[in-house]
Amino acid sequence: MNNNKVKVNPWKRRYVVLMMEVIGRSMEAASQVDRVIRGEVANLPDRLMFEMRVIPNGPALVMVKTDAGNLRYVGTSAPRKVDVAMKFKHLQHAFLVFSFQESTARSFANDRILLDGEIAYAMKIVRCLNRMESLILPKFIAQRALKRYPDLSLPEKLLGGGRIYSQVAKNLIWG
Amino acid sequence: MTKSYYEFFCPVKIVAGSAALEHIPYELSNLSASRPLIITDKGVRGAGLLDHVLNAFAESDMEVVEIFDDVPPDSSTKIVSRIAELYRSNKCDSIIAVGGGSVIDTSKGVNILVSENGTDLAQFSGVGVLKKPLKPFFVIPTTAGTGSEVTQVAVVSDTDKQVKLPFTSYFLLPNAAILDPRMTLTLPPHITAMTAMDAMTHAIEAFTGMAKNPISDAYATLAIRKISENLIRVLDKPDDVDARLELAQASTMAGIAFSNSMVGLVHSLGHSLGALCHLPHGLCMNLFLPFVLEYNLDGRGDVIGELLLYLAGAEVYARTPTHQRGAKAIEVIRQMRDELNRRCKLPRTLSETGKVTQDQLSKLADMALDDGSIIFNPVDVEREDALAVLNNAW
């Protein structure tokens, strides 16, 4: 038996798995209730499927644009070849982003993410992610996750974040 | 500032200087190749540049097996397939691209098909699809600007499906880039100026961007210095062989820098303007460069200030107080653009191009936000920011 195979800290893997699901479900909700994200999603092609994945064996999150014009969280595996893929080269790199030690832009700049597919669509998805994070995360965390924290008024932030959280709950209860 | 993590990769052998072309037969034999196919365009052949390459094979025990000289400015998968067939039917074993961006990208596409024994180029589109080294591939640039001779990307249009197919792989990098001053000696002044400003922008964006690193910085700063010192010299004396070689080297160095550190908002806006208004890439770079640096100045003033040393020399740098160096660097770039405008009518603003209307600015801002390079700009860019830069550049 080969004893040289070292496993990643299981808590780190579980944390990334959990965060991917949180992001997937939050993006789904945000695409239903936030005007800015709805605008971005409207410009994506119908049924576009994208994933964020740690190579080679996950974790992953897969989303698709529905006929209703929203994003839907598909789960952790894609039923077909995805149109856009953002692939972390290692679990540690995903952990850095999801634990807000490194912004998505910094992760790209540090060559930790591979982008496959139409870049214009990927940029729209990144903007959706950024917008969602600016609304749902406390400012001091969002400032670490984003290149620049947007100019959001307190009511806009509280209302926007609240709408997303309650929509996530609705989706979980009623599907 | 120390960068927490970076990658740097450039395995391309640079063969540069006087009689560089005459090294090609030896370099081919080093790779066990002896039957090269040359891929070029009508302009290169018409200017007599191909003769220099063909003459370089005299006194060698190999010859150019076939020449394809009909690569259009916007190449396609159909052209790539045609050339691949030519390669196979003539039993070639290597490819020499002689030209600019379109010729080089086409040649990369041909190399994929002949190496993978494929017929459908689209099958190999994407990141990291290629898993093994390709056939021996040399690039001889005929402009000093694109840096394509040291990049691992290619874009080829699929005209039937109306899409542009991107290819990214380390295996697309040529085995060697041949920089011979004879190949750029007859370049007209306005193209010399545009392409040099393209290279200048590659270097400046690599140096000021989010993905900058110490090794690409070294390439970028030397490229900036070489262009600053030699562009006007070449425009004064177009047959100055030394100055031409300096520009060719600067272009390759800038290419190495940006292929490792990426580019930013100048390219996001420039790609959009080029696509919407069909303006040459180098012209777009020259146009947006100072306006984007002004936008980035608040967040990146210290790094932009460092540019002054390479743009204007040690005396000006030492004379300028630290906090004014960023603005001074932008002023030097503006002066350079004024000089290029005076000599070659190179536009400095969108209105000076005569090909852009103000009602297109909104569309240009939208397009720029979707360009991949925007993520590497050191300062975040929202739609209003892009629009403000475009209005300033009007």
Side-chain angles (χ1 to χ4, degrees), chain A residues 36 39-45 48 53 55-56 81-90 92-93 96-97 101-131 133-134 142-152, chain B residues 3-9 125-129 152-153 155 163-170 205-206 208-213 216 259-265 267-268 271-272 275 295-296 298-300 366-386:
Chain A
V36 176
E40 293 284 4
V41 173
N43 290 320
L44 290 172
L48 175 115
R53 170 176 298 281
I55 56 170
K81 189 177 184 298
V82 295
D83 303 296
V84 176
M86 287 182 238
K87 301 173 192 168
F88 288 100
K89 290 181 180 172
H90 193 277
Q92 177 65 17
H93 303 153
L96 285 171
V97 170
Q101 296 177 65
E102 207 167 78
S103 68
T104 314
R106 170 52 61 199
S107 195
F108 271 109
N110 285 0
D111 276 313
R112 306 199 202 276
I113 302 178
L114 300 168
L115 191 56
D116 209 349
E118 176 63 46
I119 290 171
Y121 302 151
M123 292 300 108
K124 290 183 201 302
I125 294 163
V126 168
R127 287 201 295 277
C128 289
L129 271 169
N130 288 346
R131 166 78 180 173
E133 287 178 347
S134 70
Q143 278 171 328
R144 298 174 64 93
L146 303 171
K147 208 194 274 188
R148 178 176 63 184
Y149 185 77
D151 191 18
L152 287 174
Chain B
K3 192 160 190 268
S4 65
Y5 175 83
Y6 68 89
E7 294 178 4
F8 185 92
F9 184 66
S125 177
V127 181
V129 177
Q152 54 171 316
V153 297
V155 178
V163 291
K164 287 191 169 183
L165 300 173
F167 303 85
T168 305
S169 169
Y170 292 139
E205 292 217 286
T208 56
M210 271 191 91
K212 79 194 252 75
N213 70 64
S216 70
S259 60
N260 282 281
S261 288
M262 309 310 284
V263 285
L265 181 58
H267 275 77
S268 319
H271 290 155
S272 309
Y295 174 73
N296 288 338
D298 273 350
R300 205 62 160 175
D366 287 334
M367 290 170 73
L369 289 188
D370 283 346
D371 191 89
S373 54
I374 207 159
I375 207 158
F376 300 103
N377 195 65
V379 177
D380 191 42
V381 185
E382 293 189 8
R383 191 176 184 283
E384 295 70 31
D385 305 317

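So that the names make sense, note that chain A is the first sequence line, chain B the second, and so on, each numbered from 1.
The heavy-atom pair separating A:K89 from B:E7 by the smallest distance is NZ-OE2, 3.3 Å. Between B:A211 and A:A109, the closest heavy-atom pair is CB-O, 3.5 Å. Here the shortest heavy-atom pairing between A:M123 and B:L369 reads CB-O, 3.7 Å. B:E382 and A:P150 get closest at one heavy-atom pair: OE2-CB, 4.1 Å.
Looking at A:L115, the atoms closer than 4.5 Å to chain B (heavy atoms on both sides) all sit in the backbone: N, CA, C or O. Looking at B:P378, the atoms closer than 4.5 Å to chain A (heavy atoms on both sides) all sit in the backbone: N, CA, C or O.
Other residues, nucleotides and ligands contribute over 12 non-hydrogen atoms within 6.0 Å of the CD1 atom of A:I55.
If you tally non-hydrogen atom pairs under 4.5 Å between each of A:I119, A:D116, A:V126 and chain B, the highest count goes to A:D116.
A:R127 contributes atom CZ, which lies 10.0 Å from atom CZ of B:R383 (distance to the nearest 0.5 angstrom). To the nearest 0.5 Å, atom OH of residue B:Y5 and atom CD of residue A:E102 are 10.5 Å apart. Rounded to the nearest 0.5 Å, atoms NZ (A:K124) and CG (B:D370) are 3.5 Å apart.
A donor-acceptor pair under 3.5 Å is formed between the side chain of A:K147 and the backbone N or O of B:I375.
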side-chain contact (heavy atoms from CB on, under 4.5 Å) assessment of A:R148 paired with B:D385: CA-CA 13 Å; A:R148 178 176 63 184; B:D385 305 317; 2.6 Å; yes
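You'll find the side chain of B:M262 stays beyond 4.5 Å of the side chain of A:D111, heavy atoms only.
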